[in-house]
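Reading through the structure tokens given below for one structure.
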Amino acid sequence: MAGSKTKKASQAVTKPKKRTKIVCISHKEDADGISSAALIKQAFGGDSILVDYPGQMDAIRQASTDAKIKSLYICDLGLSKKNQDEFVESIAKLRKNRVSVTYIDHHDIDPAITKKLEKLKVKMIHDINECTTVQVYNKYKSKLPEHATFTAACAAVTDYMEDRPVASSLLQIYDRQFVLVSATVLTYNIVGHQKDPDYLLYLVDEIAESKFPHQIPNSFEFAQIQVDKLAQTMKKVKEGLKTMKNLGHMEILDSGASGAVNFVLGLSGKNVGVAYKERVDHGIYAVSIRGSKSCKIHLGKIVNDLAMKFGGSGGGHDKACGAVIPKDMIKKFLAEFNKKLN
């Protein structure tokens, strides 16, 4: 009898704890990623983890070893040829532990990787024709408040995808200028707080509470500061811009590459603009790339292949993408990219 009790006690001790945690890992650098995390929080609750591309796989790896996670949502984080295989391996660990995984994204993805993820029974919500937040809204709108339509419309504007079928229908609900100014204020607050992770999580919470950007304390004041910085950046781009046959490019020293790249594109007179800033802590350049409306080449696909060739990673949309390139490879990357644009 005593032995039986001991055995039962031992079984009670070794029984695994029930998984209860809901987590969303999303892109921290733009309104689409922040807004996607906010809508997931509105629909399902849980915690948000915000990452940039260099930190993407670290977050996925940590999630794969978290014994408390029940459901994992991964939003607005495109895969590259450098990390896609490791991504599948980490997701396989999660699925082995019966963690529900949902991948929501709009970046180009290797069809073979899609098949592997589907085989693992990952819930794939993937459409290159709508931004991630719009896809989150469209999938889970029955669980979301009415305000979610506004959040999705703003995200589409900031990702230059407001003319897509679902996004355009959402935009029509509101005064266009109201959406544009709200999207701009939100974007400037996100870009200006990239080194303040707590503030970015605060933004997720505020949006999840159905607040307009102008209702977030000091948002307009901070956006004004960012506008002034951008005006200074534009002046510096005019002075330091360089051109190749098919692209304009510039190293950015004291602001974000993503904030400068549109100036590089516009002022260069080329169909492609490239801005890059050194990340001293990683020994790499963070590269931001934009294409004009006249650009007929899918830049994200080219950059995905090319970045891998030079020891980095990258990818994205047809006219907006990015990469991380080792510092000593940036000149070769630019030269080869210029050739590819022929």
Side-chain angles (χ1 to χ4, degrees), residues 27-30 33 50-61 77-87 107-108 190-197 229-230 232-265 267-268 270 272-291 297 299-317 320-342:
H27 191 200
K28 76 171 189 173
E29 295 178 304
D30 62 23
L50 303 175
V51 297
D52 56 9
Y53 279 103
Q56 174 183 0
M57 287 312 303
D58 285 340
I60 302 295
R61 279 191 292 269
L77 288 167
L79 302 177
S80 69
K81 290 191 174 182
K82 186 173 183 178
N83 67 17
Q84 60 189 20
D85 292 327
E86 184 185 357
F87 181 84
H107 300 90
D108 184 66
I190 292 169
V191 171
H193 285 96
Q194 283 301 297
K195 295 182 180 180
D196 188 349
K229 288 181 179 179
L230 282 172
Q232 296 301 318
T233 298
M234 180 171 64
K235 181 181 178 182
K236 291 174 182 177
V237 170
K238 285 181 179 179
E239 296 170 351
L241 175 68
K242 297 178 181 178
T243 60
M244 295 180 174
K245 180 181 178 181
N246 299 306
L247 60 83
H249 68 94
M250 182 175 175
E251 180 177 1
I252 308 301
L253 300 175
D254 53 5
S255 65
S258 61
V261 68
N262 285 319
F263 294 133
V264 175
L265 173 64
L267 294 171
S268 69
K270 304 294 183 179
V272 176
V274 183
Y276 45 100
K277 183 177 181 179
E278 183 180 356
R279 292 187 56 163
V280 180
D281 54 333
H282 290 80
I284 59 172
Y285 276 108
V287 184
S288 189
I289 300 163
R290 296 291 183 273
I297 299 172
L299 298 175
K301 291 181 180 179
I302 291 178
V303 170
N304 193 351
D305 291 333
L306 203 56
M308 183 75 172
K309 178 179 178 179
F310 291 106
S313 63
H317 318 302
C321 61
V324 289
I325 303 296
K327 184 179 176 181
D328 59 347
M329 289 286 133
I330 190 66
K331 290 183 178 179
K332 291 181 179 180
F333 170 81
L334 288 170
E336 189 70 16
F337 187 34
N338 180 58
K339 290 180 183 178
K340 292 284 186 182
L341 293 174
N342 283 330

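If you read the sequence from its start, that first residue is 1, and numbering goes on from there.
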Taken to the nearest 0.5 Å, the spacing of Arg279 CZ from Ile325 CD1 works out to 13.5 Å
State, with a plain yes or no, whether a side-chain heavy atom of Val272 is found less than 4.5 Å away from one of Ile289. yes
Hey, which of His249, Arg290, Glu251, Lys242 is the one that makes side-chain contact (heavy atoms from CB on, under 4.5 Å) with Val274? His249
List the atom pairs, donor and acceptor, that lie under 3.5 Å between side-chain atoms in residues 301-311 and the rest of the protein, sequence neighbours left out.
from: Asn304; atom 1: OD1; to: Lys81; atom 2: N; distance (Å): 3.0
from: Asp305; atom 1: OD1; to: Lys81; atom 2: NZ; distance (Å): 2.5

Residues passing the salt bridge (Lys or Arg N to Asp or Glu O under 4.0 Å) test with Lys340, sequence neighbours excluded, are none
Answer yes or no: is there a donor N or O on one side and an acceptor on the other, between the side chain of Gln194 and the main chain of Ile190, under 3.5 Å? yes
Between the main-chain N or O of His193 and the side-chain N or O of Asp196, is there a donor-acceptor pair closer than 3.5 Å? no
Closest approach of Ile284 and Pro54, non-hydrogen atoms and distance? CD1-CG, 4.5 Å
Nearest atoms (heavy-atom pairs only) where Leu230 meets Gly259: CD2-O, 3.4 Å
Closest heavy-atom contact between Ser80 and Asn83? N-OD1, 3.0 Å
Nearest-0.5 Å distance that lies between atom CG in Leu253 and atom NZ in Lys277: 8.5 Å
Pairwise side-chain contact, Val287 with Ile330, heavy-atom cut-off 4.5 Å (strictly under): yes
Fit a plane to each ring of His107 and Tyr53, take the angle between them on a 0 to 90° scale, and name the class: parallel (under 30°), tilted (30 to 60°) or perpendicular (over 60°). perpendicular
If you compare all heavy atoms of Ala275 against all heavy atoms of Ile252, which two are closest, and at what distance to 0.1 Å? CB-CG1, 4.0 Å
Find the distance between CZ (Arg61) and CD (Glu86) and round it off to the nearest 0.5 Å. 4.5 Å
If you take all heavy atoms of Val264 and Gly273, which pair is closest and at what distance? CG1-CA, 4.1 Å
Can you tell me how far apart CG (Leu247) and CG (Asn338) are? Round to the nearest 0.5 Å. 4.5 Å
Rounded to the nearest 0.5 Å, how far apart are CE of Met234 and CG of Leu267? 7.5 Å
Is it true that a side-chain atom of Tyr285 and a backbone atom of Met329 form a donor plus acceptor pair closer than 3.5 Å? no
If I take atom CG from residue Leu77 and atom CG from residue Asp52, how far apart are they, to the nearest 0.5 angstrom? 9.5 Å
Atom of Ser288, atom of Val261 and distance for their closest heavy-atom approach: O-CG2, 3.2 Å
